[in-house]
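On a predicted model such as this, the values are computed, not experimentally measured, just so you know. Chain A is the first sequence line, chain B the second, and so forth, proteins listed ahead of strands; every chain is numbered from 1.
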Protein chains: 2
Amino acid sequence: MKIKIAIVDDNSFLINTVKEKLSFFQNLKFKFSAINGADLLEKLDANQKIDLILMDIEMPVLNGIEATEIVKQKYPQIKIIMLTVFDNDENIFNAIKAGADGYLLKEINAKDLHDGIVDTLNGGAAMNPSIALKTLKLLRNPLDIENESDKDDIKLTQREIEVLEQLSKGLSYNLIAENLILSTGTVRKHIENIYKKLQVHNKLEAVQKAKKNKLI
Amino acid sequence: MKIKIAIVDDNSFLINTVKEKLSFFQNLKFKFSAINGADLLEKLDANQKIDLILMDIEMPVLNGIEATEIVKQKYPQIKIIMLTVFDNDENIFNAIKAGADGYLLKEINAKDLHDGIVDTLNGGAAMNPSIALKTLKLLRNPLDIENESDKDDIKLTQREIEVLEQLSKGLSYNLIAENLILSTGTVRKHIENIYKKLQVHNKLEAVQKAKKNKLI
DNA sequence: TAAGCGTAATAACAATTGTCACCACGCTCA
DNA sequence: TGAGCGTGGTGACAATTGTTATTACGCTTA
């Protein structure tokens, strides 16, 4: 029995890209596509024998999060995997709350997409490793997940985040240098740059601001 | 550069099974194994140039959750993937809280284990699909999370709490003294006493421990 | 009533942290 | 091709923080 799949995306070019990826696998069957949530709901009414929906988020009329909520309400047996280019906490968390069974990024290769679909149908959840990490961070910080308000979208480099993570454990410059195999001076330099970017002047403020902005 | 891996498990048969799975890949290098958390900590002190630890949970002396917490505190750059047969919510959530970077089940095949390790080293998180689903459910229901208060019931005086609250805002000794109308010396004295009671040695640790124990 | 604790203060020292200026190399992107 | 950025490094200096010791006074409680 083939897995019957619908694709929802307002970009027809991307729909074709996904269709092509699905086409490599005999156990997957593309059934139809929709260009937004409202379109999907109509088509589902006519043809609800769908196993799984690959859902974009940013769409006119009815976005992917809202559509997911409605579909899950009306057809709880249909699995939904978000398939989007956006991986911000806000979207991830809302999609999960709306009932999504997985969250993948559009850059995914054909095999991983296939595996994710199969895993999901087998009662698991499909997740890109970077998304998985974000869900873990969200779980660790049951903070104010609700409010989106004042994130300044501060950009730290990978190295700076590593240093910041060590800082947040209460380690001294020397220990951080040891752990990352750097000179103490370089660690200080990184921290100096972090402070500038975060506009703070000591460890505690840096760590708190980083947590607030979900940088760590 | 090979990825240097340690395995922690009280069952030597299972250690060998995992070692064998790792051995298929040239980019992975098994460095050492430990039979419990305490054993691991000793061996890490001697040989800390480890990139990633595959950690069992159920172990005598020091279990995998506790060990994870300690290792993550001391060597935040070391990645830890829980590798266990138990997939109950309790364990998963506690492992995540302790700082685990992934959670896989022992039945995993060699390739998926390899992929999970690589994904984790690349800044993602490794998760079995069934585990991923549980994390999603936990995120949807933050209810189950509340409990497990392992607070050591540390008693601070009113004044110490006041000082700690100011500390937690990132204020310097001088500013705290001004705010509480004390001499700087007295503030230092209070902080010294707080450190003793909390068994910490700097502001950041004090604030974090205070928050964890709901003292502030 | 004496011991213990909380509060408050001072002094002195070592260690860590925060700031500033400057160098160098490789990569990317306009 | 050259400017900008990320990364890694050095030196110097001031400020802050962490530690230890020592004093004192009032309150509680065994």
Side-chain angles (χ1 to χ4, degrees), chain A residues 107 130 152-211 213 215-216, chain B residues 1 48-49 51 73-77 121-123 152-211 213 215-216:
Chain A
E107 68 209 30
S130 72
D152 308 303
D153 197 34
I154 297 160
K155 277 201 204 86
L156 297 188
T157 68
Q158 186 53 41
R159 204 55 165 164
E160 284 166 350
I161 289 173
E162 282 169 41
V163 171
L164 199 44
E165 267 161 0
Q166 306 246 347
L167 252 198
S168 79
K169 307 296 183 188
L171 301 192
S172 68
Y173 292 180
N174 283 325
L175 289 179
I176 295 174
E178 265 182 48
N179 281 343
L180 298 183
I181 317 178
L182 287 175
S183 79
T184 306
T186 300
V187 171
R188 290 152 81 94
K189 182 76 215 164
H190 281 307
I191 290 173
E192 204 182 316
N193 291 336
I194 291 167
Y195 286 179
K196 273 208 191 90
K197 288 188 185 177
L198 299 187
Q199 301 189 79
V200 298
H201 301 278
N202 61 55
K203 289 182 178 185
L204 203 63
E205 288 181 328
V207 169
Q208 288 179 345
K209 189 144 188 180
K211 277 195 174 143
N213 287 61
L215 295 169
I216 52 173
Chain B
M1 214 11 202
Q48 65 193 252
K49 293 191 199 318
D51 297 307
Q73 163 75 42
K74 210 163 167 191
Y75 314 104
Q77 80 284 6
L121 264 291
N122 285 334
D152 308 304
D153 201 33
I154 296 161
K155 276 199 205 92
L156 297 187
T157 68
Q158 186 52 42
R159 204 55 164 166
E160 284 165 350
I161 289 173
E162 283 169 41
V163 172
L164 200 43
E165 269 162 359
Q166 305 252 342
L167 250 198
S168 79
K169 307 295 180 190
L171 302 191
S172 69
Y173 291 180
N174 283 326
L175 289 179
I176 295 174
E178 267 181 48
N179 284 342
L180 298 184
I181 317 181
L182 288 174
S183 78
T184 307
T186 302
V187 171
R188 289 152 80 94
K189 183 72 213 168
H190 281 307
I191 290 174
E192 199 184 320
N193 291 334
I194 291 168
Y195 286 1
K196 274 210 188 88
K197 288 188 186 179
L198 298 187
Q199 302 188 80
V200 298
H201 301 279
N202 61 55
K203 290 183 179 185
L204 203 62
E205 287 181 330
V207 169
Q208 287 180 346
K209 189 142 187 182
K211 277 193 174 145
N213 288 60
L215 295 169
I216 52 172

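- Between its opening and closing five pairs, the helix from C/dT1-D/dA30 to C/dA30-D/dT1 changes axis direction by 40°, a value rounded to 10 degrees.
- Other residues, nucleotides and ligands place no more than 12 heavy atoms under 6.0 Å from the CD atom of A/Gln199.
- Between B/Lys74 and A/Asn179, the shortest heavy-atom contact is O-ND2, 3.2 Å.
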Start with the C-alpha gap between A/Lys209 and A/Tyr195, add the side-chain angles, then the distance that decides, and say whether side-chain contact (heavy atoms from CB on, under 4.5 Å) holds. CA-CA 10 Å; A/Lys209 189 144 188 180; A/Tyr195 286 179; over 6 Å; no
I'd like a table of atom pairs between the protein and nucleotides 14-18 of chain D - only N or O on both sides, under 3.5 Å - with the distance next to each one.
{"from": "D/dT17", "atom 1": "OP1", "to": "B/Lys203", "atom 2": "NZ", "distance (Å)": "2.0"}
{"from": "D/dT17", "atom 1": "OP2", "to": "B/Tyr173", "atom 2": "N", "distance (Å)": "2.9"}
{"from": "D/dG18", "atom 1": "OP1", "to": "B/Lys203", "atom 2": "N", "distance (Å)": "3.1"}
{"from": "D/dG18", "atom 1": "OP2", "to": "B/Tyr173", "atom 2": "OH", "distance (Å)": "2.7"}
{"from": "D/dG18", "atom 1": "OP2", "to": "B/Tyr195", "atom 2": "OH", "distance (Å)": "2.6"}
{"from": "D/dG18", "atom 1": "O6", "to": "B/Arg188", "atom 2": "NH2", "distance (Å)": "2.0"}

Taking N or O atoms only and anything under 3.5 Å, show me the protein contacts with nucleotides 25-30 of chain C, one pair per line.
none

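- Residues A/Leu180 and A/Glu162 come closest through the heavy atom pair CD2-OE1, 4.0 Å.
- The CG atom of A/Leu164 lies 5.0 Å from the CD1 atom of A/Ile194; values are rounded to the nearest 0.5 Å.
- Taking atom CD of residue B/Gln158 and atom C1' of nucleotide C/dT7, one finds them 13 Å apart after rounding to whole Å.
- Atom CG of residue B/Asn122 and atom CD of residue A/Gln158 lie 9.5 Å apart, to the nearest 0.5 angstrom.
- Atom CD of B/Glu160 is separated from atom P of C/dT7 by 6 Å (rounded to the nearest Å).
- If you check every strand for non-hydrogen atoms under 4.0 Å, B/Thr186 touches a base.
- Taking CD of B/Gln73 as the start and OG of A/Ser168 as the end, the distance is 9.0 Å to the nearest 0.5 Å.
- A straight line from CG of A/Leu180 to C1' of D/dG9 spans 15 Å, rounded to a whole angstrom.
- In the set D/dG9, C/dA9, D/dT7, C/dA9 carries the atom at the smallest distance from any side-chain atom of B/Ser183.
- Distance A/Glu205 CD to C/dG18 C1': 12 Å, rounded to the nearest Å.
- For A/Asn193, counting side-chain heavy atoms from C-beta on, the closest listed nucleotide (C/dG6, D/dT7, D/dG9) is D/dT7.
- Nearest-nucleotide assignment on DNA chain C puts the 5′-proximal partner with B/Arg159, out of A/Glu192 and B/Arg159.
- Here D/dT7 presents its C1' atom at 16 Å from CD1 of A/Ile176, a figure rounded to the nearest Å.
- Atom CG of B/Leu156 sits about 10.0 Å away from atom CG of B/Asn193, to the nearest 0.5 Å.
- With values rounded to the nearest 0.5 angstrom, A/Lys197 atom NZ is found 12.5 Å from A/Glu192 atom CD.
- Atom NE2 of B/His190 and atom C1' of C/dG6 are 8 Å apart (whole Å).
- If you take CG of A/Leu182 and C1' of D/dT7, they are 9 Å apart, rounded to a whole angstrom.
- Scanning all heavy atoms of the two residues, the minimum distance from A/Leu204 to B/Leu167 falls at CD2-O, 2.9 Å.
- The NZ atom of B/Lys196 sits 12 Å away from the P atom of C/dC5 (whole-angstrom rounding).
- Each of A/Thr184, A/Leu182, A/Val163, A/Thr186 was scored for a side chain to side chain contact (heavy atoms under 4.5 Å, CB included) with A/Tyr173, with one residue passing: A/Thr184.
- Pairing each heavy atom of B/Pro76 with each of A/Lys169, the nearest pair is CG-CG, 3.4 Å.
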